[in-house]
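Quick caveat: nothing in here was measured; it's all calculated off a predicted structure.
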Amino acid sequence: MSRFYITTPIYYVNAKPHLGHAYTTIVADAVARFHRALGEETYFLTGTDEHGDKIVQAAEKTGEAPGAFTDRVSALFKDLWPRLDITNDDFIRTTEERHKACVRAILQKVYDAGDIYFGEYAGHYCLGCERFLTDKEMVDGKCPDHQTAPELISEKNYFFRMSKYQGWLAEHLHRHPDFIRPERYRNEVLSLLESGALEDLCISRPKSRLSWGIELPFDANFVCYVWFDALLNYVSALGWPDGGKFHKFWPAANHLVAKDILKPHGVFWPCMLQSAGLPVYRHLNVHGYWLVKDTKMSKSLGNVVEPLDLAERYGLDTFRYFLLREMRFGNDASFSEEALVARRNADLANDLGNLASRALSMVQKYFGGVVPEAAPEGEIDEALLELARTSLENYRGLFAEFRFDRALESLWELVRGLNKYIDTSAPWALAKAGDTARLGTVMYLVLELLRKVAVCLTPVMPEAAGKLLAQLGQEPAAANILKELTGFNGLAPGTTVAAGSNLFPRIEAAAEDKAPAPAKARAAEKPAKEKKSVPAPSSAQTGPAESVEYADFAKLDLRVGTVLGVEKHPDADKLLVMQIDCGEGAPRQVVGGLAEFFAPETLVGRQVVVVANLAPRKLRGLESKGMVLAVKKDGGLELLTPSGAVTPGSRVS
RNA sequence: GGCGAGGUAGCUCAGUCGGUCAGAGCAUGCGGCUCAUAUCCGCAGAGUCGGGGGUUCAAGUCCCUCCCUCGCUACCA
């Protein structure tokens with residue numbers, strides 16, 4: 001029996017589930033149901049990722065112990081899925097013992113294979129840059145920016161010898177063009193591999209810094225950091241190494257992720273598997289983001305648009321259908337209530353719902369609700385059946401390739417074709433003329449093909465499709481898409497069908513407010529997974545700011561300066577070179593990363609706050625004396641400015 | 001700056017090897033039917049296929065160049 005294994009990422013539990021999580025999981029569910037309906041033995045996994053810094057911090061904020069915190073948030077995810085009709089076979093948590101045991105075993109295996117080394121990470125550390133320099137970056141053994149010899153510093157950690165697998169992975173990608181799909185993401189990974197040298201991956205944190213993690217089997221002073229923990233859920237849940245499930249399903253592994261975690265899944269994970277001696281997964285399927293309109297729109301409605309709320313308001317099936325139909329898998333798409341309502345009305349209410357309604361009510365009227373016999377078929381019947389064959393076959397093929405929008409479009413060609421067939425055949429005229437034989441054939445074909453459509457839609461809209469099948473006197477559980485591709489006699493004459501009903505009532509007044517200028521659809525709801533940075537060995541530490549004495553604060557010389565001139569940095573995209581009058585006679589040059597957010601001319605004349613006694617340094621070759629203070633905000637940057645004009649050079653205190 | 005993906009009807013997008021490829025759906029307008037959830041069916045749009053140049057008998061479809069958008073990447077102390 002053919003098998004299929006589909007996974008979502010395990011979701012990081014430092015925040016509540018949102019639209020992105022819902023989308024990924026609904027896609028995975030539809031795919032799982034699709035493969036079940038193909039008759040394949042299918043396993044569908046999701047879960048939560050629960051270790052790491054951010055969890056500890058988030059738990060501290062709520063005053064909970066990390067374990068209690070993750071129990072609580074993980075349950076938010078686990079409890080949500082049934083509400084979205086998600087049929088996952090398992091739900092794995094990285095804090096479970098079965099997972100930890102697997103992580104330790106694989107770490108040990110990779111360690112024994114010699115692919116993990118202790119990071120006497122002797123790096124060339126430039127004090128000026130505050131980071132490690134690669135050999136390539138150094139000129140004559142010196143830092144090109146500071147003209148000083150970097151210091152040889154070692155930081156202790158464990159590293160995975162990932163660089164070793166660079167060539168192998170590139171070759172694997174060339175040999176399996178659909179290993180990562182859609183293709184654009186495969187290209188991205190390839191260029192990643194071919195351009196920059198793949199660096200080894202830091203996989204540990206000293207316990208002194210982080211204790212909320214899985215202890216390394218070969219060094220109790222360290223815990224496993226991020227990917228060697230999280231990614232392994234895909235095999236730990238299958239009971240690797242001994243689980244029967246592992247041998248059954250792993251060869252058919254399909255991962256589903258959002259594009260923000262392409263690198264870990266497309267690069268780290270295959271290398272890790274290769275090193276551990278496990279076969280790599282079969283496909284990595286990467287989707288884009290849902291863009292949500294600016295909050296202004298929803299504020300006027302009195303509430304922020306909560307996508308999960310929409311699922312309840314418009315019906316779960318409509319929500320699922322919309323997500324799959326509207327987004328081209330791999331691309332970004334924009335989520336709006338208008339678009340959701342448009343889909344609902346045009347595709348579901350008008351085309352499909354009305355088709356079912358008119359068909360059932362005619363059978364009711366002309367045949368007392370009993371499926372008639374089909375008599376020999378004419379030319380237009382054959383044309384309809386031909387349309388059905390291609391539509392259904394395309395649906396199956398496109399869906400299997402994760403091209404859900406095209407698949408549904410293809411299926412709708414049949415739906416529209418059926419509406420047209422009814423018009424052309426005019427059953428009401430046949431009834432009037434008393435041509436019962438012909439009438440029976442027409443009605444039979446409509447019902448039979450409608451049934452096939454319902455079977456195909458089972459993965460996308462389980463409830464509505466099930467209801468439709470029930471109305472057609474069918475047993476929904478028996479739905480098998482493969483069987484529907486051939487033959488047009490699946491519906492037994494004599495079957496009693498229900499009277500017509502409103503499967504998808506039209507939604508009349510959409511959300512009223514269209515007034516506010518629709519600000520560019522921006523602000524992506526990050527789907528799928530909290531982005532985790534994978535710090536290089538030199539990563540600066542973050543963490544809550546400690547309190548300081550006033551004397552420390554006073555060390556900073558903050559001044560208000562007037563921007564006199566601004567130019568783009570000749571050698572950098574994001575840098576601006578500013579001449580700022582700080583009341584010192586001559587303006588000082590400050591280089592800052594503002595180019596993304598401000599056009600040079602818009603800054604001239606503005607007063608800004610400058611850290612005047614910051615040690616000068618060169619940025620991309622140009623000296624910068626000080627820095628300009630700014631505040632990051634969603635997708636932008638705001639400069640700090642005095643509320644009224646002041647004399648250049650005035651001290652901030 | 002480097003690499004990659006795109007710029008096709010008002011909107012969302014199809015367009016494989018260059019020659020009925022100038023298309024679909026939605027929206028809009030007109031017409032038809034009445035079984036049906038005022039639903040369905042038919043017809044209509046002249047959109048410089050981002051700009052310019054080139055190859056060719058023939059180019060959204062190949063080459064060059066320019067512009068714009070998005071992603072990855074470097075610089076953002």
*So which one's nearest nucleotide on RNA chain B is more toward 5', A:Gly353 or A:Tyr185?*
A:Gly353
*What is the pairing partner of B:U16, taking Watson-Crick or G-U wobble pairs with both distances under 3.5 Å in any strand?*
none
*asked:* Using atom P in both nucleotides, what's the gap between B:C49 and B:U20 to the nearest angstrom?
replied: 16 Å
*asked:* Any strand counts, and the cut-off is 3.5 Å on both contacts for Watson-Crick or G-U wobble. Which nucleotide pairs with B:U69?
replied: B:A5
*Salt-bridge present (A:Arg344, A:Glu337; N to O < 4.0 Å)*: no
*Do the numbers put A:Lys259 on top of the ring of A:Tyr289, so that NZ or CZ is under 6.0 Å from the six-membered ring centre and no more than 45° off the axis?*
yes
*Choosing from B:G25, B:C40, B:C3, which nucleotide comes nearest the side chain of A:Arg358?*
B:C40
*Please state the C1' separation for the pair B:U8 and B:G23 - nearest whole angstrom.*
10 Å
*Nucleotide nearest A:Lys259 (side chain, heavy atoms from C-beta), chosen from B:U37, B:G71, B:C35*: B:G71
_Base orientation of B:G60, syn vs anti, 90° cut from 0_ = syn
*So what does A:Pro505 hit on the nucleic acid, given a heavy-atom distance under 4.0 Å: a base, only sugar-phosphate, or nothing?*
base
*Hey, which sits more toward the 5' end of RNA chain B by its nearest nucleotide, A:Leu348 or A:Asp423?*
A:Leu348
*State whether A:Asn350 places a side-chain N or O below 4.0 Å from either non-bridging phosphate oxygen (OP1 or OP2) of B:C40.*
yes
